[in-house]
Amino acid sequence: MGRRKWTAEQKMEIVLAGMVPGANISAVCREYGILQPQYYKWKEAFLQGGLSALATNPSKREIELEKELKEAKALLGEQAMQIEILRKKTNWGRR
């Protein structure tokens, strides 16, 4: 008999069944025909996935705006240098 392939939905169902208050992990594992180490491995992956989903990652729009801001700052810096060069060449702004 080969190894059984579990879908993500099936794994989630099993993990959630074990997380019900008062659930007996041994009974859940017997019911679904898996070993306890496998259950705990899936549970850890499930919780880590939830943690990463809840973490505040910047949205695509925020990343795009940050890039635009960086480019604008670079352009402003370049223009400020050009103004300073022109000011020195023409003695503009000096009394």
Side-chain angles (χ1 to χ4, degrees):
M1 185 171 145
R3 294 176 66 164
R4 179 162 181 194
K5 297 279 187 178
W6 297 91
T7 66
E9 290 80 15
Q10 291 170 322
K11 291 176 186 180
M12 183 177 70
E13 177 185 333
I14 295 167
V15 168
L16 291 175
M19 294 176 74
V20 171
N24 182 313
I25 302 304
S26 295
V28 170
C29 292
R30 266 193 312 275
E31 178 183 343
Y32 289 98
I34 65 168
L35 298 175
Q36 286 187 32
Q38 185 65 61
Y39 170 82
Y40 288 111
K41 181 179 173 184
W42 290 349
K43 181 179 177 184
E44 180 64 26
F46 180 77
L47 294 175
Q48 285 300 317
L51 179 63
S52 65
L54 294 174
T56 54
N57 293 325
S59 69
K60 289 181 182 179
R61 180 68 180 142
E62 289 172 319
I63 293 169
E64 183 181 303
L65 289 172
E66 286 290 334
K67 182 180 175 187
E68 287 179 20
L69 179 60
K70 186 177 179 180
E71 291 170 357
K73 284 181 177 181
L75 182 60
L76 283 173
E78 186 178 321
Q79 289 176 343
M81 285 190 322
Q82 289 174 350
I83 290 171
E84 188 61 31
I85 291 168
L86 288 172
R87 180 179 287 161
K88 287 181 180 179
K89 283 184 177 179
T90 62
N91 287 329
W92 180 69
R94 295 188 183 194
R95 295 182 179 193

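Along the sequence shown, residues carry numbers from 1.
A salt bridge is defined here as a Lys NZ or Arg NE, NH1 or NH2 lying under 4.0 Å from an Asp or Glu carboxylate O, and R61 with E64 meets this definition.
When I14, V15, L16 are each tested for a side chain to side chain contact (heavy atoms under 4.5 Å, CB included) with K43, only one passes: V15.
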Go through K41 and E44 one step at a time and tell me if the salt bridge (charged side-chain N to carboxylate O under 4.0 Å, His left out) criterion holds. CA-CA 5 Å; K41 181 179 173 184; E44 180 64 26; over 6 Å; no
Between K11 and F46, is the side-chain contact (heavy atoms from CB on, under 4.5 Å) condition met? List the steps. CA-CA 9 Å; K11 291 176 186 180; F46 180 77; over 6 Å; no
Determine, stepwise, if the pair Q82 / E78 fulfils side-chain contact (heavy atoms from CB on, under 4.5 Å). CA-CA 6 Å; Q82 289 174 350; E78 186 178 321; 3.8 Å; yes
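Residue A23 comes nearest to A17 through the heavy atom pair CB-O, 3.4 Å, listed as atom of the first residue, atom of the second, then distance.
Looking only at distances, a side-chain donor or acceptor of E62 sits under 3.5 Å from a matching main-chain atom of S59. A donor-acceptor pair under 3.5 Å links the side-chain atoms of Q10 to the main chain of T7, judged by distance alone.
Note: K70 NZ to L75 CG = 14.5 Å, rounded to the nearest 0.5 Å. In this structure, CG on N24 lies 11.0 Å from CD on E31, to the nearest 0.5 angstrom. Residue I85 holds its CD1 atom at 8.0 Å from NZ of K88, rounded to the nearest 0.5 Å. The OH atom of Y40 sits 7.0 Å away from atom SG of C29, with the distance rounded to the nearest 0.5 Å. Taking CD of Q38 as the reference point, atom CH2 of W6 lies at 9.5 Å (rounded to 0.5 Å).
A donor-acceptor contact closer than 3.5 angstrom links the side chains of E13 and Y32.
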